[in-house]
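Written out below as structure tokens is the structure these notes cover.
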Amino acid sequence: MKKVYVNEDWCLGCHLCEFTCAAANSGAPDMIKAFAGGKKPVARIQIEEGDKINFAVQCRHCDAHPCVKGCIAGALSVQDGVIVCDEEKCVGCYTCVLSCPYGAIVIDEAGHKIRKCDLCTRNSHGEPACVKACPNNAIVFEER
Amino acid sequence: MNYVIIGNSAAAVGTIEGIRQIDKTGKITVISDEKYHTYSRPLISYWLMGKVTDKNIYYRGADFYEKNGVETRFDTRVTKIDPAAKNVVLADGSTVPYDKLMVATGSKPFVPPMNGMEKIASCHTFMSYDSVKAIKAEVKPGMKVLIIGAGLIGLKAAEALNEYKADITVVDMADRILPSILDVRAGSIMKKHIESKGTKFILGTSVDEFSEHSAKLKNGATVDFDMVIIAVGVRPNTELVSEAGGKVERGIICDLTQKTTIDDVYAAGDCTVSHDASSDTDRILALLPNAYMQGEVAGRNMAGAETKYENAIPMNAIGFFGLHIITAGSYDGEEYVEEHGNNYKKLVFKDGLLKGFILMGDVKRAGIYTSMIKERIDLSDVDMDMLKERPQMMMFSKARREEKLGGIKR
């Protein structure tokens, strides 16, 4: 299955992927409207910045998926290999945050829910928006 | 193959999904003494406080049994397992034969004998959908509620009843709250937080005697109430297995395949004893993720695969009145502690490994710590300053990051 991978030697730490991800999943038609009026939509990809290297982390859609197995609400499931969250069912207990070995599940404090990468399968982009947004080709969407 | 599952919660669902990973056609029968489609037990407090609807309390979709070819027998109690005849006996005396049996009977509320209990006008436990339905039918704004037990269940009940503007008092014999997951300091921060929302605590004492609407405590105080909720703990439902000759200690004893000491009989979830890999001790890990994963492993083995359940550790993610806690592992070792307001962090190290942690308030990315405990990551390969700062992949070696994030298999 194609997944998003990050090359930490190429990542500039510019955070464009985060802004693009947040906008893509906000339901707004573009970046300007997504952030208009001080709105802070949540990104499902997170940059870690270091002295020399930077990289982005998002859901690995891993085979073990402890988040799905541990979800107390039955909100997380695997659909055609993609781990998705039914945000209506999520109660914000954060058992998935406790379980994810990559720290890839994001807390939306305003919504008292979790948000996670679904490879843009359920928004209007259809393909991972972070990949298209990366100016240095540090994020790729491929089979490994 | 003919599979029978006693129970219908997380461990049972894990068993069904585990069996179906291997065996798509064998017959599966679920027998449950409750009358509901599988629902999430930890969601009952959310349901009571109105955060979860009748529809969303269900743990799997409405078509779950049909999709998995499961026959259900709800509102039906199993009274006996007969391993020689390989059947289970139901309350009406009829029998159901099995080739492989799963005992996923969970636990029941522990109600210690207390003087005058029979006089209490309204006494409840907090364990099942029916128990919260009964509470909801009675609760009114301003109602005085006495909760016995300041553990996870008692405080989740307090949080839910606070939504009804109930006047809540929690009494516990221990001198602190949530002792199963928090240390003294974190417990005291959480206690202040819950008190600030209106719930009162009377700790270090217990009930001397109940009357219809009040409780006299051993410290001399009297608490008036309209309703009592008993939440002092749970006991595993082990009788079916012990009476059938299976080994039971604090819970049902299983091997790493989740098989009990009786041939073709498996068990999973809160009724079983698990091996805690963080402290290398055997204990009951009454946690939904543990129940599901044990069930899944059992189901696979029942269907003929060879799968082991390893690296179980105590772990909890829970919040009270908006303050979140994530904890995992065990707390015997060298401590690193940070505290800022309601944010509390404790990391426990021993033998060159991260053994346990408590995060309260800021719980972001806690699973990175959890994975270090489970995978026994050697701390000599980890940047300790980064580890203490926050959970982050940056603390690991480039090689581990490539493996974890880059899809590089080693």
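Residue numbering restarts at 1 for every chain, and letters A, B, ... go by the order of the sequence lines. Excluded from the calculations below are hydrogen atoms, water molecules and symmetry mates; all remaining heavy atoms, backbone and side chain alike, are included.
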Query raised in the report: What part of Thr53(B) gets closer than 4.5 Å to chain A, counting heavy atoms only: side chain, backbone, both or neither?
Result: neither
Query raised in the report: If you draw a 6.0 Å radius around NZ in Lys132(A), do more than 12 non-hydrogen atoms from other residues or ligands fall strictly inside?
Result: yes
Query raised in the report: Ala328(B) versus chain A, heavy atoms under 4.5 Å apart: side chain, backbone, both or neither?
Result: side chain
Requested in this report: Going by the side chain to side chain contact (heavy atoms under 4.5 Å, CB included) test, name the single residue among Thr95(A), Val91(A), Ile72(A) that passes it with Pro42(B).
Outcome: Ile72(A)
Query raised in the report: What's the spacing between His324(B) NE2 and His112(A) NE2 if we round to 0.5 Å?
Result: 7.5 Å
Requested in this report: Count the heavy atoms belonging to other residues, nucleotides or ligands that lie under 6.0 Å from CG of Asp30(A), then report whether that count exceeds 12.
Outcome: yes
Query raised in the report: If you look at every heavy atom in Tyr46(B) and Cys93(A), which pair is closest and at what distance?
Result: OH-CB, 3.8 Å
Requested in this report: State, to 0.1 Å, how close Tyr5(A) and Leu405(B) come at their nearest heavy-atom pair, and which atoms those are.
Outcome: CD2-O, 3.5 Å
Report task. Would you check if Val57(A) and Lys404(B) make a side-chain contact, meaning some heavy-atom pair closer than 4.5 Å? Result -> no
Requested in this report: May I ask you to decide whether Arg365(B) forms a salt bridge with Glu48(A), counting only side-chain N to carboxylate O separations under 4.0 Å?
Outcome: yes
Query raised in the report: Taking atom CZ of Phe19(A) as the centre, does the number of heavy atoms from other residues, nucleotides or ligands within less than 6.0 Å exceed 12?
Result: no
Query raised in the report: If you take all heavy atoms of Glu88(A) and Asn56(B), which pair is closest and at what distance?
Result: OE2-ND2, 3.1 Å
Query - Residue among Val4(A), Ile53(A), Val106(A), Asn7(A) with most heavy-atom pairs under 4.5 Å to chain B - result: Ile53(A)
Query raised in the report: If you round to the nearest 0.5 Å, how far is CD1 of Ile326(B) from CG of Leu98(A)?
Result: 5.5 Å
Query - chain A contact via Ile318(B) - side chain, backbone, both or neither, heavy atoms under 4.5 Å - result: backbone
**Report entry** Portion of Ile105(A) that has a non-hydrogen atom of chain B nearer than 4.5 angstrom
**Finding:** neither
Query raised in the report: Has the side chain of Lys364(B) got a donor or acceptor atom that lies under 3.5 Å from a matching backbone atom of Gly103(A)?
Result: no
Report summary line: Residue from Glu375(B), Arg60(B), Glu296(B), Met372(B) scoring the most non-hydrogen pairs under 4.5 Å with chain A is Glu296(B)
Report summary line: With chain A, the option among Ile325(B), Val52(B), Asn316(B) that has the most non-hydrogen atom pairs under 4.5 Å is Asn316(B)
Query raised in the report: For Glu66(B), does the CD atom sit with more than 12 other heavy atoms under 6.0 Å from it, leaving out its own atoms?
Result: no
**Report entry** Tyr59(B) versus Lys69(A), closest heavy-atom pair with distance
**Finding:** OH-O, 4.4 Å
Query raised in the report: Nearest 0.5 Å, what's the CE-CZ distance between Met393(B) and Phe55(A)?
Result: 7.0 Å
Query raised in the report: What part of Cys96(A) is in contact with chain B, defined as an atom under 4.5 angstrom from a non-hydrogen atom: side chain, backbone, both or neither?
Result: neither
Requested in this report: Answer with side chain, backbone, both or neither: which region of Tyr58(B) has an atom nearer than 4.5 Å to a non-hydrogen atom of chain A?
Outcome: backbone
Report summary line: Highest number of heavy-atom pairs under 4.5 Å with chain A among Lys51(B), Met315(B), Lys55(B) belongs to Met315(B)
**Report entry** Lys39(A), NZ atom: more than 12 neighbouring heavy atoms under 6.0 Å
**Finding:** yes
Requested in this report: Would you mind checking which part of Asn290(B) comes under 4.5 Å of any heavy atom in chain A, side chain (CB onward), backbone (N, CA, C, O), both or neither?
Outcome: neither
Query - From CG (Asp9(A)) to NZ (Lys398(B)), nearest 0.5 Å - result: 3.5 Å
Query - Proximal component of Met293(B), with respect to chain A [non-hydrogen, under 4.5 Å] - result: side chain
Query raised in the report: Are more than 12 heavy atoms from other residues, nucleotides or ligands located less than 6.0 Å from atom CG of Asp63(B)?
Result: yes
